[in-house]
Amino acid sequence: MGKRIFVFDTTLRDGEQVPGCQLNTEEKIIVAKALDELGVDIIEAGFPVSSPGDFNSVVEITKTVTRPTICALTRAKEADINIAGEALRFARRSRIHTGIGSSDIHIEHKLRTTRENILEMAVAAVKQAKKVVHEVEFFCEDAGRADEAFLARMVEAVIDAGADVVNIPDTTGYMLPWQYGERIKYLMNNVSNIDKAILAAHCHNDLGLATANSLAALTNGARQVECTINGIGERAGNTALEEVVMAMECHKETLGFVTGINHKKLVPISHLVSTLMKMQVQHNKAIVGRNAFAHSSGIHQDGFLKHRETYEIIDPAAVGADSSSIILTARSGRAALNHRLATIGYMLSKDQLDQAYTQFLDMADHLRKVEDENLHELMRGKVYAK
Ligand code: KIV
Ligand code: ZN
């Protein structure tokens, strides 16, 4: 048994902040149920103070989904916290995720205050949240760019105040994997009460490093990873749940991590979120993109047809994808053409295949992608036995 990593999904909060991705309460419940079936440990269901609709969605989710902890976001303000507590009142297990800026950029330019005042506000927020929910998570916003020693003071202070989880977000997606890993290690080694809470990784993808950064945090002591389905989220998005979970799964011997995720649900939930949020998944997206298990060059197709693992590190069935596919283009070879023709009923001798392949290349140059109906056209008039 490896070290248990808690998966915190924020599709319905950080993900839903994306313009055009807003969901109504019914749709949010559908996603929350799917996240429950997927096996996430914590669902961040919304930001109740932000709107009556979001408040209501959090209430309805707590009534319908009972296995995972349901979490709500707040600023470090008493009113926000009390409203979130009210929205979470029916939850079997409730969590408030409260926090404030930790970098000098945020403290001086956004919050226009001092480090000492920030520490006081942080402690007060955690104490207030402790009164209204079962668990409190504190986020040190923009921790990626915060002064390390001040960040350690902040983490220590909020743990002393009762925080169960402390989130170290790379809010701007600025960090490199080893820097973020070092930051987590520094906190693990320099915060005297660190054994009383767990650290969470929350990464944004501005440099395309969110998954790598999350893994670096986990290998240096973080026990919770925060992510969204399809990596949706502010700007370039958040850590993609499917990526970080499958990286842990594919490297479980090296990393020694386990999660509660049912991998077979990854592709179905990706489709669900993409459809409801009207946010297309890029074709080459790892794990869930439509080309993630498609092979199109002749060399790859030949190897794949001889032995799947020559060009696939994940069995598509393991993540709930239909099956691997062989895409026929002008870069495909004889092996792929022969395989596809056999699948649709044409068994060719070597000479017949050579002839068909020449015609196929002409066709593929024109069509870009050759479908089964085009192959039937190619074969029309020619009688090849099955
Ligand atoms: O990116 C971030 O800092 C956040 C916090 C609200 C946790 O989303
Ligand atoms: Zn975020």
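Whatever order the structure lists them in is the order used to number ligands and atoms, beginning at 1.
In this structure, Phe8 and His97 have perpendicular ring planes: the angle between them is above 60°, well past the 30° mark.
The existence of a salt bridge linking Lys28 and Asp54 is confirmed by a sub-4.0 Å separation between a basic side-chain nitrogen and an acidic carboxylate oxygen. At a threshold of 4.0 Å, the pair Asp36-Lys33 does not count as salt-bridged, since none of the basic side-chain nitrogens sits closer than that to a carboxylate oxygen.
Nearest heavy atoms, Glu148 versus Glu182: OE2-O, 4.5 Å.
For Phe139 and His202, the ring centers sit 6.0 Å or farther from each other.
Atoms of ligand 1 found under 4.0 Å from any heavy atom of Asn167, numbered from 1 in the order shown, are 7 (C). Close contacts between ligand 1 and His204 involve ligand atoms 1 (O) [criterion: under 4.0 Å to a heavy atom].
Taking the Zn ion (ligand 2) as reference, Asp14 places its N/O/S atom OD2 nearest.
Of the polar atoms of His97, none of the N or O atoms is found under 3.5 Å from an N or O of ligand 1, judged by distance alone. In terms of polar-atom proximity, Glu141 is not counted as a contact of ligand 1, lacking any N or O under 3.5 Å from an N or O of the ligand.
Atom-to-atom distance recorded for Phe150:CZ and Leu119:CG is 4.0 Å, nearest 0.5 angstrom.
In summary, no N, O or S atom of Glu234 is located under 2.8 Å from the Zn ion (ligand 2).
Shortest contact from atom 4 (C) of ligand 1 to any protein heavy atom: His202 NE2, 3.5 Å. Considering only non-hydrogen protein atoms, atom 3 (O) of ligand 1 sits nearest to Thr171 OG1, 2.7 Å.
Centred on the Zn ion (ligand 2), the NE2 atom of His202 and the NE2 atom of His204 lie at an angle of 100°, reported to 10°.
For the pair Arg13 and ligand 1, a heavy-atom separation below 4.0 Å is found.
Asp164 pairs with exactly one of Arg93, Lys130, Arg95, Lys196 by the salt bridge (Lys or Arg N to Asp or Glu O under 4.0 Å) rule, that one being Lys130.
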